[in-house]
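Beneath this line is the structure, given in structure tokens, with notes to follow.
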2 protein chains.
Amino acid sequence: MNNEKRYTQVIEKLRAVGLRPTRQRIALAGLLFDGTDKHVCAEDLHRDVINADSPVSLATVYNTLHQFTDAGLLREIVISAGRSYFDTNVSDHHHFYFETDGGLEDINSDEVVVTQLPTPPKGQKISRVDVVVRVSED
Amino acid sequence: MNNEKRYTQVIEKLRAVGLRPTRQRIALAGLLFDGTDKHVCAEDLHRDVINADSPVSLATVYNTLHQFTDAGLLREIVISAGRSYFDTNVSDHHHFYFETDGGLEDINSDEVVVTQLPTPPKGQKISRVDVVVRVSED
DNA sequence: GTGATTGCAAATCTTTTGCACTAAA
DNA sequence: TTTAGTGCAAAAGATTTGCAATCAC
């Protein structure tokens, strides 16, 4: 796919969720939604966007990650205290967490089967079930 | 159970995991391991121990929570960025997370049945499977 | 005594916020 | 124009750390 087409697609993606396609959002969305699933934290993405010669402030990276999350374009994952990761894969799936190095890896939803779930407390409904398979060195 | 007996038990519990029964650890362990399962964060526990007339610094509360976790007396739960909770229930179980107020509640392990798990990557073994059932208002 | 533990205050790190400036519609 | 979005620097939290004083053994 050529650059012009990707650029147009990113703009459409932003408009589709009601976000103005500003230079900063276009740059960040271009890095995030390149067709591959990734887990990024704010610092990573800030570094990448600077390296791509599109200066965006760290505050804007944070704001944008949350706007994208609210818009359903990203999913926030919290595993280790004091750092949030954002997953570009927003479909139903789970994660391996590597205790040794803190890394994350997707698990397809068909590889984890949860056959029984508790009834949520009265007045509450299940919005999501997160399964984290923690692994360590053998 | 009388106070003297509980005091002795707490000291034994600390010695059993190789931690010196200092005044601070005894006070914190006494609050944590009272027989009921609880989820506490450092600030909560610090407030409680101060209220119980056993002054312990916040730094020591943090250090102690991690020492207890390393010793297998507590389990750390990270759900929302920027705050860790510690669970006094270290047996196999899962959690409800209330998105509305950030609250946590235990789910007995027999209420969640995971019938299929992925094979861990080569050289890795599964150390734990955490299931978080996120619920929101109906 | 001697090595482990603690408290304090400062440092660190991530994330959020207020507000003047800039850009999209 | 008009309103949304951005950048900066400062603030806000949570957690960690260095080091001298204190305590358990």
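Note on naming: letters A, B, ... go to the chains in the order of the sequence lines (proteins, then strands), and numbering restarts at 1 for each one. Side chains are part of it too, since the values below use all heavy atoms of this structure and drop only hydrogens, waters and symmetry mates.
As a whole-Å value, the separation of A:L14 CG from D:dG5 C1' is 13 Å. Taking atom CD1 of A:I79 as the reference point, atom C1' of C:dT14 lies 17 Å away to the nearest angstrom. In this entry the distance linking CZ of A:R83 with P of D:dT15 reads 15 Å, nearest Å. Computed from coordinates, the B:I11 CD1 to D:dC25 C1' distance equals 13 Å when rounded to whole Å. A straight line from CG of B:D44 to C1' of D:dG13 spans 15 Å, rounded to a whole angstrom. Atoms CG (B:L19) and P (C:dA4) sit 13 Å apart, rounded to a whole Å. Following rounding to the nearest Å, B:I26 (CD1) and C:dA4 (C1') show an atom-to-atom distance of 15 Å. Between the C1' atom of C:dT15 and the CG atom of A:L65 lies a distance of 11 Å, rounded to the nearest Å.
A side-chain donor-acceptor contact under 3.5 Å links B:K38 and B:T36. For the residue pair A:N89 / A:H39, no side-chain donor-acceptor distance below 3.5 Å is found, with atom types taken as modelled.
Not one side-chain nitrogen or oxygen of A:R23 sits closer than 4.0 Å to the OP1 or OP2 atom of D:dG5. Contact check, A:S57 against D:dG7: a side-chain N or O comes under 4.0 Å of OP1 or OP2. Within the structure, a side-chain polar atom (N or O) of A:Y62 is placed less than 4.0 Å from OP1 or OP2 of C:dT15. An OP1 or OP2 oxygen of C:dA4 is reached within less than 4.0 angstrom by no side-chain nitrogen or oxygen of B:R25. Put simply, B:R20 has no side-chain N or O that comes within less than 4.0 Å of OP1 or OP2 on C:dA4. The side chain of A:T22 contributes an N or O atom lying less than 4.0 Å from OP1 or OP2 of D:dT6. Contact annotation: A:S84 does not reach the phosphate of C:dT14 (side-chain N/O to OP1 or OP2, under 4.0 Å).
Proximity of a side-chain donor or acceptor of A:H94 to a complementary backbone N or O of A:V131 within less than 3.5 Å is detected. The main-chain N or O of B:I126 is never found under 3.5 Å from a side-chain atom of A:R134 such that the two would form a donor-acceptor pair.
Of the candidate nucleotides D:dT6, D:dA14, D:dG7, D:dA14 has the atom lying nearest to any side-chain atom of B:E43.
The pair B:R75-B:D130 counts as a salt bridge, with a side-chain nitrogen and a carboxylate oxygen less than 4.0 angstrom apart.
Mapping B:G82 and B:V56 onto DNA chain C via the closest heavy atom, the residue that lands nearer the 5' end is B:V56. Between A:T60 and B:Y85, the residue whose closest nucleotide on DNA chain D is further toward the 5' end is A:T60. Each of A:Q24 and B:N63 has a nearest nucleotide on DNA chain D; the 5'-most of these lies closest to A:Q24.
If you check every strand for non-hydrogen atoms under 4.0 Å, A:H66 touches sugar and phosphate atoms only.
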